[in-house]
Amino acid sequence: MTESENIHLPKTDESDDLKRIRHTFSHVMAMAVQRLFPKAQVTIGPWTEYGFYYDFDNPDPFSDKDLKTIKKEMIKIIKKDYAIEREEVSREDAKKRIAALGEPYKLEILEGLEEPITLYHIADQWWDLCAGPHVESTRKLHPKAFDLESVAGAYWRGDETKAQLQRIYGTAWETPEQLQEYKRRREEAKKRDHRKLGKELGLFLFSEDVGPGLPLWTPKGTLLRSTLEDFLKQEQVKRGYLPVVTPHIAKVDLFKTSGHWQKYSEDMFPMMAETEEAKANEMGFVMKPMNCPFHIQIYKDELRSYKELPMRLAEFGTVYRYEQSGELGGLTRVRGFTVDDAHLFVTPDQLDDEFLKVVDLILAVFNSLKLKNFKARLSFRDPDSDKYIGSDDVWEKSQNAIRRAVETLGMEHFEGIGEAAFYGPKLDFIFTDALGREWQLGTTQVDYNLPERFDLEYVAADGTRQRPVMIHRAPFGSLERLIGILIEEYAGLFPLWLAPEQVRLMPVTAEQLPFAQQVAEQMQLLGVRVMVDRSGERLGKMVRNSEKAKIPVMAVIGAKEVEGNSLSIRTRQDGDLGAISVADVITRLKEALDSHGYF
RNA sequence: GCCAACGUGGCUCAGUGGUAGAGCACUCGAUUCGUAAUCGAGCGGUCACGGGUUCAAAUCCCGUCGUUGGCUCCA
């Protein structure tokens with residue numbers, strides 16, 4: 001264990017001291033900013049997981065260069081050892097004092113506060129409306145245990161239609177050692193970044209000529225993708241899913257019926273229309289942002305009997321969403337992606353049971369992928385928003401169905417209000433990437449709305465026409481995002497079954513090439529993805545190249561191995577294992593592949 | 001979409017007003033080699049793109065495109 005691994009990085013929620021330190025830093029920064037930029041108006045400045053930020057309204061945006069100046073000013077303030085004092089005042093008093101300073105945002109904040117109103121003073125130099133708590137004096141802040149990290153635009157009250165403020169992010173710790181350790185871990189995390197590893201491992205790329213957010217998959221990346229697809233397809237066959245294939249575009253009308261055109265068109269690529277007239281009459285085609293309306297057409301193709309339900313239609317359907325340019329990033333947020341989609345058409349009686357089966361499948365998939373760090377979110381609608389379709393009654397019913405499911409399973413979960421799809425609530429599975437950002441992967445949704453909008457029916461046992469309920473579900477969420485997360489989770493070191501190149505054979509000299517070739521063919525026949533290193537480099541170089549390419553199993557072939565019909569195996573995790581007979585190597589490869597484990 | 005930073009051979013990066021550089025990769029030659037880099041030579045860039053300032057621009061200014069960190073929004 002290195003020395004730095006002994007340094008504990010406390011979390012804000014486990015250390016009140018740290019909370020006070022960070023909160024005080026944000027005020028010291030605000031004071032520094034107002035000294036340097038007298039026109040800057042203060043707003044809010046909370047602590048965060050790694051530090052703090054403060055939002056300002058300033059006539060000119062801050063640049064990275066300003067951060068250095070602000071940091072210096074902060075250090076000056078810290079070294080002055082100013083006392084920090086709390087003062088309780090009446091609402092009226094607070095209002096007068098804030099108005100005197102000309103701080104409109106603070107006045108707005110004051111309106112939402114309950115008495116007693118508290119002010120915090122940094123000596124007699126500066127004060128801010130704040131609930132606290134803070135450290136007793138600026139000396140309690142270590143001038144070498146913080147840093148200003150970045151500037152960003154941020155909307156007042158998080159609302160796009162309100163003023164854009166300037167946010168300055170900082171990181172702050174109790175000791176300089178903790179700051180260094182934090183920075184070191186950040187550097188480590190960057191090495192796991194799927195964008196960096198994806199390039200190094202040659203899995204996917206983006207081309208400026210193709211367009212932003214539109215990934216292209218190399219042969220290696222495609223092997224990874226299809227391995228994942230094949231795996232899920234097998235699991236679905238075991239569970240009675242039926243495969244379908246549908247087009248990438250459809251008439252606007254289809255999406256009017258579904259409600260996408262009304263509630264989702266901002267996220268859709270613009271309509272393609274043959275003539276201006278067609279365009280004016282909305283008679284064109286659009287790229288599909290979701291697969292559901294297409295699967296619904298297949299359901300509707302025949303009059304369905306209750307005996308056919310549940311009907312589970314599955315497709316790896318590639319969808320296109322016009323994400324705002326600033327939101328794109330690597331594989332986790334793209335404009336064209338493949339959903340491991342399925343739509344289940346069920347009778348109301350079957351709903352609970354089918355929903356549980358879907359959750360069971362999703363959890364089984366995560367288990368096979370060795371993904372453990374996720375949270376389950378009940379994504380419900382925001383009753384005050386108009387971005388949803390359907391009646392209150394139907395929403396109540398579908399949200400309750402999801403609640404029942406997590407309760408039956410005893411699954412830990414949290415609620416996300418306003419996180420529902422426009423047509424129904426979801427149970428989402430949230431993962432975290434190397435840099436700590438959260439992403440939704442698997443999802444399953446209960447939907448009474450689309451069956452109604454498309455007037456779906458089945459004939460019940462008593463001969464009456466009934467309306468089915470739909471379950472939308474995608475265990476991966478999307479192949480792109482899943483692979484992004486997998487790359488980071490494994491740090492590029494895929495388990496054998498997922499590795500694009502599973503075995504690399506390295507002949508010590510050219511003399512062993514024919515034997516290597518023969519072994520390779522033997523392995524290929526069994527479905528092993530194997531390559532022979534024909535570079536003619538020295539063994540040390542070949543090993544280095546294989547290690548850098550993160551090949552799970554390396555096999556050295558010299559004169560001894562040819563003689564004994566064996567391979568000297570080196571694995572990434574265990575190093576040199578010595579000579580093993582070709583037959584045994586193949587047996588062990590098969591075992592590792594079948595168990596989704598390592599060699 | 002908004003705010004900021006960045007964009008130099010395939011990759012990683014140096015060069016901040018005066019004739020485009022390095023390492024790796026690639027090609028060729030020599031070496032036939034035992035578990036993370038053999039030696040040598042060669043090829044390769046109108047410095048993202050378009051405009052402007054200047055005797056002179058990779059370098060300064062403006063615009064566009066792209067990438068990154070945030071905000072808003074989402075698989």
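Residue numbering restarts at 1 for every chain, and letters A, B, ... go by the order of the sequence lines. Since the structure is predicted, the reported quantities are computational estimates derived from the model, not experimental observations.
Minimum atom distance to the side chain of Val508(A) is reached by rG34(B), of the listed rA75(B), rG34(B), rU32(B). Minimum atom distance to the side chain of Arg481(A) is reached by rA75(B), of the listed rU35(B), rA5(B), rA75(B). Out of rA5(B), rC3(B), rA75(B), the shortest distance to the side chain of Gln166(A) is found at rC3(B). The nucleotide whose nearest atom lies closest to any side-chain atom of Pro61(A) is, among rC3(B), rA36(B), rG1(B), rC3(B). In this structure, of rC74(B), rU35(B), rC71(B), it is rC71(B) that holds the atom nearest to the side chain of Ala154(A).
Counting any heavy atom pair closer than 4.0 Å across all strands shown, Glu160(A) reaches sugar-phosphate atoms only and no base atom. Residue-level contact check: Gly158(A) touches the backbone only, with heavy atoms under 4.0 Å from sugar-phosphate atoms and none from bases. When heavy atoms are screened at a 4.0 angstrom cut-off, Arg167(A) is found touching the sugar-phosphate backbone but no base atom. Using a 4.0 Å heavy-atom criterion, one finds that Gly477(A) contacts the sugar-phosphate atoms exclusively. As judged by a 4.0 angstrom heavy-atom cut-off over every strand, Val339(A) is placed among residues making no nucleic acid contact. Nucleic acid contact for Val319(A): none, since no nucleic acid atom lies under 4.0 Å from a heavy atom of the residue. No contact: Lys196(A) has no heavy atom under 4.0 Å from any strand. Within the 4.0 angstrom heavy-atom criterion, only backbone atoms of the sugar-phosphate kind lie near Gly540(A); the bases stay farther away. Among the protein residues, Glu547(A) comes within range of the nucleic acid bases, having at least one heavy atom under 4.0 Å from a base atom. Nucleic acid contact for Leu441(A): sugar-phosphate only, since backbone atoms but no base atoms lie under 4.0 Å from a heavy atom of the residue.
No aromatic stack links Tyr169(A) and the base of rG70(B), using centre distance under 5.5 Å and interplanar angle under 30°.
Ala376(A) and Leu427(A) get closest at one heavy-atom pair: CB-CD1, 4.2 Å.
Taking only distance into account, the side chain of Arg538(A) never meets the base of rC39(B) through a donor-acceptor pair shorter than 3.5 Å. The base of rC73(B) does not come close enough to the side chain of Arg321(A) for any donor and acceptor atom to sit less than 3.5 Å apart. Donor-acceptor pairing under 3.5 Å, judged by distance alone, is absent between the side chain of Tyr155(A) and the base of rG70(B).
Separating the CG atom of Asp433(A) from the P atom of rA75(B) is a distance of 17 Å, rounded to the nearest angstrom. As a whole-Å value, the separation of Asp576(A) CG from rA36(B) C1' is 13 Å.
Geometrically, Lys375(A) engages Phe414(A) in a cation-pi contact defined by less than 6.0 Å to the ring centre and at most 45° from the axis. Geometrically, Arg167(A) engages Tyr53(A) in a cation-pi contact, judged by NZ or CZ lying under 6.0 Å from the ring centre and within 45° of the ring axis.
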Apply salt bridge (Lys or Arg N to Asp or Glu O under 4.0 Å) to Glu187(A) and Arg184(A), showing your working.
CA-CA 5 Å; Glu187(A) 288 309 308; Arg184(A) 192 190 66 81; over 6 Å; no

Stepwise salt bridge (Lys or Arg N to Asp or Glu O under 4.0 Å) check, Arg333(A) with Glu327(A)
CA-CA 7 Å; Arg333(A) 195 74 186 275; Glu327(A) 278 149 8; 3.7 Å; yes

Begin from the C-alpha positions of Lys72(A) and Leu67(A) and carry the test side chain to side chain contact (heavy atoms under 4.5 Å, CB included) through to its verdict.
CA-CA 9 Å; Lys72(A) 275 187 201 155; Leu67(A) 293 189; over 6 Å; no

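Summary of the strand contacts: Ala152(A) and Ala559(A) both lie near RNA chain B, and taking for each the nucleotide with the nearest heavy atom, the more 5' one is attributed to Ala559(A).
A sub-4.0 Å separation between OP1 or OP2 of rG70(B) and a side-chain N or O of Arg437(A) is present.
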Polar atom pairs (N or O), protein with nucleotides 7-17 of chain B, under 3.5 Å:
none

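Side-chain N/O atoms of Lys370(A) and Asn367(A) include no donor and acceptor closer than 3.5 Å.
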